[in-house]
There are 2 protein chains.
Amino acid sequence: MRFPKLFERLASLTPLPPEEWAKAEAVAKEQSLAKRELFMRPGDAADRFAVVLQGVFRGVRMSPRGGESIKAFRAEGELIGAYAEMLQQLPSMTAIEALEPSRVLVFQTRDFQALERGHVCWERLARRVAEQHFVLKERREQEFLDLSAEERLVKFWEEHPHLKGRIPQRDVAAYLGITEVALSRIVSRRRKRAE
Amino acid sequence: MRFPKLFERLASLTPLPPEEWAKAEAVAKEQSLAKRELFMRPGDAADRFAVVLQGVFRGVRMSPRGGESIKAFRAEGELIGAYAEMLQQLPSMTAIEALEPSRVLVFQTRDFQALERGHVCWERLARRVAEQHFVLKERREQEFLDLSAEERLVKFWEEHPHLKGRIPQRDVAAYLGITEVALSRIVSRRRKRAE
DNA sequence: CCTCCGCCTTAACCCGGGTCAAGCCAAGGT
DNA sequence: ACCTTGGCTTGACCCGGGTTAAGGCGGAGG
């Protein structure tokens, strides 16, 4: 078993026989990415995904109007991939970029589907993953609906302390749905208020 | 088979043996709700969900600060329930209210889990449902990130033409994340611009 | 018929965030 | 040591949406 920690993590979501995990490891490939290198770019087929072994990524949605907004940051142990596009069988509209030198474990969707046919545990795992993603998105939706930008900022750092110092401020702004200028003002406002 | 249309709809997501569907119908109960009646209220256990047979519902999240925001509208053929809370085994933080006299088909989560143990098709169906919900939430997230309130309004009516005339304007506003005053202004602005 | 109520609109005022532009600072490259 | 470069800050100005408050209007009930 090459990735025991990852196995632990997944097995905590749903029972996962070690021999099934061995099959998964057999089809997965490690990939290293330099800082700023893209794991996926807009227009790519959404036919693979990966687990972050080391590093941090940002998922950037390119809007038709040229605006960039950040869908999520992903660090060690988390999944990267154009999940929504994969489910809809659309080409990726998302760029996934390494913010640090990173290593990931890549799976082809096709290979994963083969695993699913072999054992129900993969079906269950996929379900858990979908459910978790849903819960996260719903939480974020709610934050947009009833929190101010400043409150969203506070919550962001409460929920992602491990990202401190690893992501540029402008990306935090794009994640919160404001500009870096506005974020800078909020931060200085808070500095002042705290004397 | 009491609900052939519903069966069709679900079977289009994943193969669903009619005999399994029969078991589901056996545990489901019909319920009628008057206008303004609540299918679920905040604090209730999130241990049941339903399919709308007739009518429209709104899912309202009560924020601690007394604000109400609308998570979704649900009409015929769609699911209602505190899905996120169910997944997290939390009590509902959502009120689900009938906006018209309505009929729904209610399932106890417990009963559905029993079905899952009996046949994998339910596991698959649950996965598809989770995935669909995820895709919808992600779409909405993206709208908050790079659309103005006016653009969100236009998109809302494009995507929900069947709700025209069935939901009060103030609820549309709460769904878009603005006040009814702001919505009224946007509408009149658009009226003027169109001469 | 009139009144009340629910729902929507309009107006005045304020404030947060967008936009544009200038400037600061630290890290790297030459 | 110098000049880029990237990332952050600050200021001035504008605009959209929040807030509050005052009507308008149509439907239900007395």
Side-chain angles (χ1 to χ4, degrees), chain A residues 34-38 56 58 60 63-70 73 95 97-101 143-157 163-194, chain B residues 34-38 56 58 60 63-70 73 97-101 142-157 163-194:
Chain A
K35 184 172 174 171
R36 310 231 69 200
E37 194 175 344
L38 298 176
V56 190
R58 56 172 201 179
V60 185
S63 76
R65 280 158 182 62
E68 293 192 357
S69 54
I70 294 199
F73 299 101
E97 182 185 348
L99 295 175
E100 303 174 351
E143 290 173 11
F144 275 110
L145 283 170
D146 43 50
L147 265 48
S148 68
E150 177 161 358
E151 293 169 313
R152 294 206 297 280
L153 173 65
V154 172
K155 209 159 192 181
F156 177 80
W157 287 122
L163 295 177
K164 270 258 153 84
R166 301 175 78 181
I167 56 183
Q169 192 125 312
R170 95 154 69 80
D171 287 341
V172 178
Y175 179 84
L176 296 176
I178 60 179
T179 62
E180 57 175 336
V181 181
L183 179 52
S184 176
R185 279 192 293 234
I186 290 172
V187 171
S188 80
R189 212 150 63 208
R190 292 175 59 76
R191 247 199 316 266
K192 252 170 223 156
R193 231 177 297 155
Chain B
K35 183 171 176 172
R36 310 232 70 201
E37 193 176 345
L38 298 176
V56 191
R58 58 172 200 178
V60 185
S63 78
R65 280 160 182 59
E68 292 193 357
S69 54
I70 294 199
F73 298 100
E97 182 185 347
L99 294 175
E100 302 174 351
Q142 192 233 338
E143 289 172 11
F144 275 110
L145 283 169
D146 44 51
L147 266 48
S148 68
E150 176 161 358
E151 292 169 312
R152 294 206 298 280
L153 173 65
V154 172
K155 209 160 193 182
F156 176 81
W157 287 124
L163 294 178
K164 271 257 153 85
R166 301 175 76 181
I167 56 184
Q169 192 124 313
R170 95 155 68 82
D171 287 341
V172 178
Y175 180 84
L176 296 176
I178 60 179
T179 62
E180 57 174 337
V181 181
L183 179 52
S184 176
R185 278 192 296 234
I186 291 172
V187 171
S188 80
R189 213 151 63 209
R190 292 175 59 77
R191 247 199 317 265
K192 252 172 222 154
R193 232 178 296 153

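By convention in this document, chain letters (A, B, ...) are assigned in the order of the sequence lines, proteins followed by strands, and residues within each chain are numbered from 1.
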State which residues pass side chain to side chain contact (heavy atoms under 4.5 Å, CB included) with B:S184; sequence neighbours excluded, sorted by chain then number. none

Lys/Arg N to Asp/Glu carboxylate O, A:K35 vs A:E97, below 4.0 Å: no

Figure out the CG/P separation between A:L145 and D:dG17, and round it to whole Å. 15 Å

All side chain to side chain contact (heavy atoms under 4.5 Å, CB included) counterparts of A:V154, not counting sequence neighbours: A:E158, A:R190

Return the angle between end axes of the helix from C:dC1-D:dG30 to C:dT30-D:dA1, with five pairs used per end and rounding to 10°. 20°

Separation of B:Q169 atom CD from C:dC8 atom P, in whole Å? 6 Å

Looking only at C:dC7, D:dT10, C:dT10, the nucleotide nearest the B:S184 side chain is C:dT10

Mind telling me whether A:F144 and B:F144 have parallel, tilted or perpendicular rings, with 30° and 60° as the class edges? parallel

Between C1' on D:dG17 and CG on B:L176, what's the gap in Å once rounded to a whole number? 13 Å

Closest non-hydrogen atom pair between A:L145 and B:G177, with its separation: CD2-CA, 3.6 Å

Once base and sugar-phosphate atoms are separated, protein heavy atoms under 4.0 Å mark nucleotides 16-29 of chain C, 5' to 3', with B, S and - as -BBBB---------

Please round to the nearest 0.5 Å and tell me the distance separating atom CG of A:L147 and atom NZ of A:K155. 5.5 Å

For B:S188, enumerate each residue passing the side chain to side chain contact (heavy atoms under 4.5 Å, CB included) test, keeping only those at least two apart in sequence or located in another chain. B:R191

Length of the CD-C1' vector between B:E151 and D:dG17, whole Å: 15 Å

Under 3.5 Å donor-acceptor pairs involving side-chain atoms of residues 167-174 of chain B, not counting sequence neighbours:
residue	atom	partner	partner atom	Å
B:D171	OD1	B:R58	NH1	2.6
B:D171	OD2	B:R58	NH1	3.1

